[in-house]
Each structure stands twice: as C-alpha cells, then as structure tokens.
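The figures that follow rest on heavy atoms only: side chains count, while hydrogens, waters and symmetry mates do not.
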Amino acid sequence: QVQLVESGGGLVQAGDSLRLSCAASGRTRIDYGMGWFRQAPGKEREFVAGLRWTGVRTEYADSVKGRFTISRENAKNTVYLQMNSLKPEDTAVYYCAASYYRIPRASADYWGQGTQVTVSS
C-alpha cells in the first residue's frame, strides 16, 4: 500500500506560479511511476505529467509542456509539480497518482485526495 498526500493548491491569478507537492508513504521502496492528473468541473480526469522514481524520463500533456515541470526528491519521497504561467483553463482539482513500475497514464494503482487549483483571469 502507498499513501499519497497532496498540498500546495490555491487561488492565483493568470500568469502566476504554484508548486504542488505529493508526499508518498508506505511501500515506497518499490520503483513506482508517479503522475499528476487534473479534473476540471464537468470534464474527465486527464493526465498532466509523470515520471519514474528511478531514471530521468518525464512525460507531459501537450497542454502543459513548457509551463509545468515534474520533479522528485527521493530522500523525502516527494514529487513536485511546478506550474508556471498559469491560465484560467488550468483550474481543476489536481491529483497525485502512483503505479507499479510504470508512469501512470490512463489509470493508476494509488491516488491522493486531490488539491484545488483555481486560476482567475
């Protein structure tokens, strides 16, 4: 079992930055893939960014490439999502997710509770 706790959401203006954090606990010695997803009102949850605990490979949705950066701090079992140049369309609940041995894309083995990000115009 892995527990994921997100933090760092909030209300910002367009063009501002936010950094989300996802702290993992439990069986974290396994090589997980970690990801960030988001769900806006009335829309399906969508993949935003992902990486593996090992290696350097990262993946991003086209809508956030060049603006968002996913990173990890292994010593703290924490994954971050740095979000720059935020747009109103980035408004959503952001979820952290983990999957065994792969970057979660369509599904994940574990989910956090979500953190709200609201971008005003």
Would you tabulate the side-chain donor-acceptor contacts of residues 10-19 under 3.5 Å, counting partners in other chains and residues two or more places apart, or write 'none'?
{"from": "Asp16", "atom 1": "OD2", "to": "Gln13", "atom 2": "N", "distance (Å)": "3.1"}
{"from": "Ser17", "atom 1": "OG", "to": "Asn84", "atom 2": "OD1", "distance (Å)": "2.9"}

| Any chain of hydrophobic side-chain contacts (each under 4.5 Å) joining Tyr60 to Val48? | yes
| Residue pairs fulfilling disulfide bond (SG atoms under 2.5 Å apart) with at least one residue in residues 38-121, sequence neighbours excluded | Cys22-Cys96
| remark: The salt bridge (Lys or Arg N to Asp or Glu O under 4.0 Å) partners of Lys65 (sequence neighbours excluded) come to Asp62
| Shortest non-hydrogen contact between Ala24 and Val2, atoms and distance | CB-CG1, 4.4 Å
| Got a sec, which residues hit salt bridge (Lys or Arg N to Asp or Glu O under 4.0 Å) with Arg72, two or more places apart in sequence or on another chain? | none
| said: Quick check for you: to the nearest 0.5 Å, what is the distance between Met83 atom CE and Thr69 atom OG1? | reply: 11.0 Å
| Can you pull the salt bridge (charged side-chain N to carboxylate O under 4.0 Å, His left out) pairs that have at least one residue in residues 78-87, sequence neighbours excluded? | none
| query | If Ile, Leu, Val, Met, Phe, Trp and Tyr residues are connected whenever their side-chain heavy atoms lie under 4.5 Å apart, and connections chain through other members, are Trp111 and Leu20 in the same group? | reply | no
| request: Hydrophobic side-chain clustering at under 4.5 Å (ILVMFWY, transitive links): who's grouped with Val56? Put none if nobody. | output: none
| remark: Quick note, disulfide bond (SG atoms under 2.5 Å apart) partners involving residues 55-94, not counting sequence neighbours, are none
| task | Could you pull out all residues at least two apart from Tyr100 that satisfy ring pair (Phe, Tyr, Trp, His ring centres under 6.0 Å)? | result | Tyr32, Tyr110
| query | In the single-linkage hydrophobic clustering (I, L, V, M, F, W, Y; side-chain heavy atoms under 4.5 Å), do Val117 and Val5 co-cluster? | reply | no
Only pairs under 3.5 Å count here: list side-chain donor-acceptor contacts from residues 33-44, not counting sequence neighbours, and write none if there are none.
{"from": "Arg38", "atom 1": "NE", "to": "Glu46", "atom 2": "OE2", "distance (Å)": "2.6"}
{"from": "Arg38", "atom 1": "NH1", "to": "Asp90", "atom 2": "OD1", "distance (Å)": "2.9"}
{"from": "Arg38", "atom 1": "NH1", "to": "Tyr94", "atom 2": "OH", "distance (Å)": "3.0"}
{"from": "Arg38", "atom 1": "NH2", "to": "Glu46", "atom 2": "OE2", "distance (Å)": "3.2"}
{"from": "Arg38", "atom 1": "NH2", "to": "Ser63", "atom 2": "OG", "distance (Å)": "3.4"}
{"from": "Gln39", "atom 1": "NE2", "to": "Lys43", "atom 2": "O", "distance (Å)": "3.1"}

| request: Grab the two heavy atoms, one from Ile103 and one from Arg57, that are nearest each other, plus how far apart they are. | output: CD1-O, 4.3 Å
| request: Verify the cluster assignment for Val79 and Phe68: are they in a single hydrophobic cluster under the rule of side-chain heavy atoms below 4.5 Å apart? | output: yes
| request: Treating Ile, Leu, Val, Met, Phe, Trp and Tyr as nodes and any side-chain heavy-atom pair under 4.5 angstrom as an edge, say whether Leu86 and Leu81 lie in one connected cluster. | output: yes
| message | My understanding is that only residues two or more places apart in sequence, or in another chain, count here; which of them pass side-chain hydrogen bond (donor to acceptor under 3.5 Å, both in side chains) with Tyr80? | response | Glu73
| message | Enumerate the salt bridge (charged side-chain N to carboxylate O under 4.0 Å, His left out) contacts for residues 104-121, please, sequence neighbours excluded, ordered by first and then second residue. | response | Glu59-Arg105
| remark: Contacts of Glu6 meeting salt bridge (Lys or Arg N to Asp or Glu O under 4.0 Å) (sequence neighbours excluded), chain-then-number -> none
| request: Return the minimal non-hydrogen interatomic distance between Ser99 and Ala108, and the atom names on each side. | output: OG-CA, 3.2 Å
